[in-house]
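As the structure is a prediction and not an experimental result, all values here were calculated from the model. All heavy atoms count here, side chains included; hydrogens, waters and symmetry mates do not. In what follows, every chain begins at residue 1, and chains take the letters A, B, ... in the order their sequences are listed.
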Number of protein chains: 2
Amino acid sequence: MDDLDKYIEKRKSKSPKFAQNYEKGYEQFKIGALLKEARLEAGLTQEQVANKLKTGKSAISRIENHAEDIRLSTLVNYAQALGKSLKLEVA
Amino acid sequence: MDDLDKYIEKRKSKSPKFAQNYEKGYEQFKIGALLKEARLEAGLTQEQVANKLKTGKSAISRIENHAEDIRLSTLVNYAQALGKSLKLEVA
DNA sequence: GATAAAGTATACATATATGTGAACAGTGTC
DNA sequence: GACACTGTTCACATATATGTATACTTTATC
């Protein structure tokens, strides 16, 4: 089980709503976890990312923890702030 | 040159703004084209997709032609309406 | 246990995506 | 040309993501 899986398990145990939606297949809930994982790999704090995106750290926290939904541009910007890019596919 | 490329070229020639943003690398502009391509492959009209998503056909047209930005949930729903799924990656 | 750094939670304001309906345009068929 | 079908554009209303500031929590270090 990798770090992302561990994180998901932790979120599930702490939040019934998260667990319920996650099991339903709403993997959008994974997005926040993905971004957080990518941020930590880049060795950045939420505040550092916030500064790059010219916003506050609370906004970053919200994205990582409560991103039931998110704008595509926000995803793209977040990825860019980490020096990465967002790949999309309809398959 | 595949159909999507042809479509992009057509949009570029008709809309300077589209061309400009596209060349800048704002590939979000590709999203609408991607969705349209997927819809046509599935053999569905905009109205059919609109019905599945319980919305109007004008909303579908707008997404395909003027989706400078779009919500992740909208992308996911659209893909589902076509019997497909959305793949995301931060790389 | 005091302090600082990092992250979370909340509330309100603002920006913007989407819903909705109507009018109009393009395309093909008769 | 009339008709039906498909897609586009517009305006307005509504829903919701994000900006912003503040307070609180957690964790680590001393």
So, are Glu41(B) and Lys84(B) salt-bridged, with charged N and O less than 4.0 Å apart? yes

Under-4.0 Å side-chain N/O to phosphate OP1/OP2 contact, Lys36(A) with dT8(C): yes

Out of dT8(D), dT8(C), dT9(D), minimum distance to the side chain of His66(B) belongs to dT9(D)

Between dT8(C) (P) and Lys57(A) (NZ): distance, integer Å: 10 Å

Write down the atom of Arg39(A), the atom of Val49(A), and the distance for their closest heavy-atom approach. CD-CG2, 3.6 Å

Just how far, in rounded Å, is P of dA25(C) from CG of Asn65(B)? 17 Å

Here the distance between atom C1' of dT18(D) and atom OH of Tyr78(A), to the nearest Å, is 15 Å

Protein-to-nucleotide contact annotation, 5' to 3' order, nucleotides 12-21 of chain C [B base; S sugar-phosphate only; - none; under 4.0 Å, heavy atom]: ----SBBBBB

In short, Leu53(A) meets Tyr78(A) closest at the heavy-atom pair CD1-CA, 4.1 Å

Leu35(B) and Leu75(B), any side-chain heavy atoms less than 4.5 Å apart: yes

I'd like to know if Glu47(A) pairs up with Lys52(A) as an ion pair, taking the criterion as any Lys NZ or Arg NE/NH1/NH2 lying under 4.0 Å from an Asp or Glu carboxylate oxygen. no

In whole angstrom, give the distance that lies between atom CD of Gln48(A) and atom P of dA5(C). 13 Å

Reported CG-to-CZ distance for the pair Asn77(B) and Arg71(B), which is rounded to 0.5 angstrom: 10.0 Å

Considering all heavy atoms of both residues, which atom of Gln48(B) and which atom of Gly43(B) are nearest to each other, and what is their separation? OE1-O, 4.0 Å

Within the structure shown, what part of the strands sits under 4.0 Å from Ser61(A) by heavy-atom distance: base, sugar-phosphate, or nothing? base

Can you list the steps and then say if Leu86(A) with Leu72(A) is a side-chain contact (heavy atoms from CB on, under 4.5 Å)? CA-CA 9 Å; Leu86(A) 187 71; Leu72(A) 185 58; 3.8 Å; yes

Rounded to whole Å, how long is the line connecting atom CG of Leu44(A) with atom C1' of dA6(C)? 13 Å

Would you kindly give the CD-to-P distance between Gln46(A) and dT26(D), to the nearest whole Å? 15 Å

Distance in angstrom units between Glu64(B) CD and dT6(D) C1', rounded: 12 Å

Is there a side-chain contact between Glu64(B) and Gln46(B) (heavy atoms, below 4.5 Å)? yes

Atom CG of Asn51(B) and atom P of dG7(D): how far apart are they, to the nearest Å? 12 Å

Give the angle between the helix axes at the two ends of the helix from dG1(C)-dC30(D) to dC30(C)-dG1(D), taking five base pairs at each end and rounding to 10°. 40°

